[in-house]
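Letters go in sequence order (proteins before strands), and every chain restarts at 1.
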2 protein chains.
Amino acid sequence: MAIEKSDTLHGRILEEFSSNIVDGTWPPGYLLPKETELAEQYGVSRMTMNKVLTRLASEGFVIRRKRSGTVVAQPRAESAVFAINNIGEEVAALGRRYKWSLLSSDSRAGNAQDRRLLGLNEDEAKDNSLFLQGLHFSNDEPFCLETRVINTKMVPDALGVDFEKDVPGSWLLTTMPWTKARHHVRAINVSGRDATLLELPVGAACLEVLRRTQIDAHWVTCARLLYPGEAHQLIAEFDGKIGG
Amino acid sequence: MAIEKSDTLHGRILEEFSSNIVDGTWPPGYLLPKETELAEQYGVSRMTMNKVLTRLASEGFVIRRKRSGTVVAQPRAESAVFAINNIGEEVAALGRRYKWSLLSSDSRAGNAQDRRLLGLNEDEAKDNSLFLQGLHFSNDEPFCLETRVINTKMVPDALGVDFEKDVPGSWLLTTMPWTKARHHVRAINVSGRDATLLELPVGAACLEVLRRTQIDAHWVTCARLLYPGEAHQLIAEFDGKIGG
DNA sequence: TAGTGGTCTAGACCACTCC
DNA sequence: GAGTGGTCTAGACCACTAG
C-alpha cells in the first residue's frame, strides 16, 4: 500500500508544524521564523502560510504577536471536552431499546423547591412555566430521570405539545435549534421519590446534570437529568490534534 | 456610549450570518446564495467571503457541498463541553488555599486491582511502573484523591522526581506538554480506604474521573481522581457562538 | 520608527457533483 | 457537461508594538 498523500498544501504544512510541536521538536517558547520566511522556505504564498499559522494560533498551539513574531505556546492545562448527547441517541448508540415515559405535566408557578432543584432565580419560573417530569428507559430499565421546566413565554407552542409522544429535549431542539446552554455535573446520593422512580436503593450514587438553556439573555428551559451513577459515564477525549 | 463597531470585514459578516442562523432568520435547510453572489452583495472579494463561509462550516452552522451550494445545517444534538482544569488552579480559582500531600510512591509491577482501578490492560503496567497516591487539599480539607501510575519507560525522568514537592499532574504537564487524553466520568459510592482518606462516610457519592494520557500509541500515565460529590461539580458552557 | 502580523483583493485553476 | 466550492497566488496597505 502506498503512503497516503495529504490533500492540501496548507493541510500538509499544518500537520508538519503540529507534529513538530507535539513531539517536542519545537518546545514551548520556540520562536518560529517569520511568516514571509516560512512561506519562502515552503515555496508557498504568504496567504497560504498565514492560513496555517492562523489556524495553529486559533487551536492554541502558538501565540502570535506583531513585531515579536510567532512562538510555541505554553501547553494548555490538562483539560477535557465532553459531549452530552441526545438521550435517545445515547441509548441507541449503546445498542439498546429506547423508550420515553411522561410522568407529569403541569402548567403552574414554580415553588422554592423547584427553583432550587433547577437552579432558577426567584424572578424566573414564577409564571409562564410548564413543569414536566419523565423517565428515559434503556431496555425497559430506568436510564435517566428528567425534571424540566419550560418558559412558555419564550416557547408558547410548548403548551400545545403532547409530551407523552414527543420527548421534551428533542422537541425543543427542533423548535429552537440554536441555543446556548450551561451545564453543571456532580455526584449525589439519590433519595426519596428520585430513588423510587429510578428503582435504586436510597443512597445510591447518581450523576446529576443540570442544564440551563437560553437564547440571548432569556432562559428557555432548565432540565435536571439524573443518571444511575455506576451505570452511566461521560466519556471524553481530548487531544491537541488539529483538523477533523 | 456609542455602538461598538466590529473590527474586521469578515468578522462583521460572520456575526451577521451567525445571527441570522441563531435567531431563525435562516432556518435549518435554508440555501444561501452562492459565494460569488454573496461577495458581490457585500462588496468584498471572494476570498473574504470564503473565509466567512469556511468558518461557518467549520463551526458546524452550515454544510457546504460542491454544486449544491451552502445550506444551514440541522442543529447539532444537545451537547456540552467541559473543561477539567489543573487541580491547583481549580482550587485557586475558588479563592481557596491549595496543598498537595503525597501519600505513597512505589516503583513496582501493577496487580489486577491496580489495573482495574486505572483501566489498564494486562500488558500495560506490568513493569516500568511508578505508582503514586496523594491528596489535593482545599483550605486543608480533602478536595481530591489522586491515584496514578506513570509509565517510566516513556518518562524515565519521573523516577528522579520528588513528588512530595512536585504535583504529578503539573510535573507531567511541563515534561510532556502536548499529550492526548481520554476521560471517563461517573458517580460512585465511596468506601474503604478512599472514604477514610477523603474524610467521608462510607457510601457518600463521589465524582470519579479516570484520565488516561498517551502520546502517539503509548500510554504515559493513568490517573484516577476522586472528588467528594456534593462539594465538586464540573461546569460547562456550550453555545454556538463564533469567535473568541 | 521599522518590522511584524492582520487583512484584503482580483484573478486563476482544479475537482467534485448534480443534472 | 456546467456550475459550485476548494484552493492558491502575488501584491498591497494598515495597525500595532517592541526597541
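Of the side-chain N and O atoms in B:Arg64, one or more sit less than 4.0 angstrom from OP1 or OP2 of D:dG6. For C:dT9, the OP1/OP2 oxygens have a side-chain nitrogen or oxygen of B:Thr48 closer than 4.0 Å.
Comparing A:Lys51 and A:Ser68 along DNA chain D, the residue whose closest nucleotide (by nearest heavy atom) sits nearer the 5' end is A:Lys51.
Remark: P of C:dA10 and CE of A:Met47 are 13 Å apart, rounded to the nearest angstrom. Per the geometry, CG belonging to B:Leu9 stands 17 Å off P belonging to D:dC13, to the nearest Å. The separation between A:Glu35 atom CD and D:dC8 atom P is 15 Å, rounded to whole Å. Between the CG atom of A:Asn50 and the C1' atom of D:dC8 there is a distance of 13 Å, rounded to whole Å. For the pair A:Leu56 CG and C:dG5 C1', the interatomic distance rounds to 14 Å; values are reported in whole Å. Taking atom CZ of residue B:Arg67 and atom C1' of nucleotide C:dC19, one finds them 6 Å apart after rounding to whole Å. In this structure, the CD atom of A:Glu37 is 13 Å from the P atom of C:dG3, given to the nearest Å. Taking atom CG of B:Leu31 as the reference point, atom C1' of D:dT4 lies 11 Å away to the nearest angstrom.
We find the CH2-CG distance between B:Trp219 and B:Asn151 to be 4.5 Å, quoted to the nearest 0.5 Å.
Heavy atoms of B:Thr36 sit nowhere under 4.0 angstrom from any nucleic acid atom. Counting non-hydrogen atoms under 4.0 angstrom, B:Thr70 reaches the backbone sugars and phosphates but no base.
When only modelled atom types and interatomic distance are considered, A:Asp23 and A:Ser19 share no side-chain donor-acceptor pair under 3.5 Å.
Residue-to-nucleotide contacts include a donor-acceptor pair under 3.5 Å from the side chain of A:Arg46 to the base of C:dG6.
For A:His10, counting side-chain heavy atoms from C-beta on, the closest listed nucleotide (C:dG3, D:dT7, C:dT9) is D:dT7. Checked against D:dG19, C:dA15, C:dA10, the side chain of B:Lys66 finds its nearest nucleotide in C:dA15. Candidate nucleotides C:dG5, D:dT4, D:dT17 were compared by shortest atom distance to the side chain of A:Lys34, and C:dG5 ranks first.
Note: A:His136 and A:Trp100 have tilted aromatic rings, judged against thresholds of 30 and 60 degrees for the angle between ring planes.
Scanning both residues, B:Pro33 and B:Leu38, for their nearest heavy atoms gives O-CD1, 3.5 Å.
Under the Watson-Crick and G-U wobble criteria, each requiring two contacts below 3.5 Å, nucleotide C:dA2 is paired to D:dT17.
Shown here is B:Glu37, whose CD atom has more than 12 heavy atoms of other residues, nucleotides or ligands within 6.0 Å.
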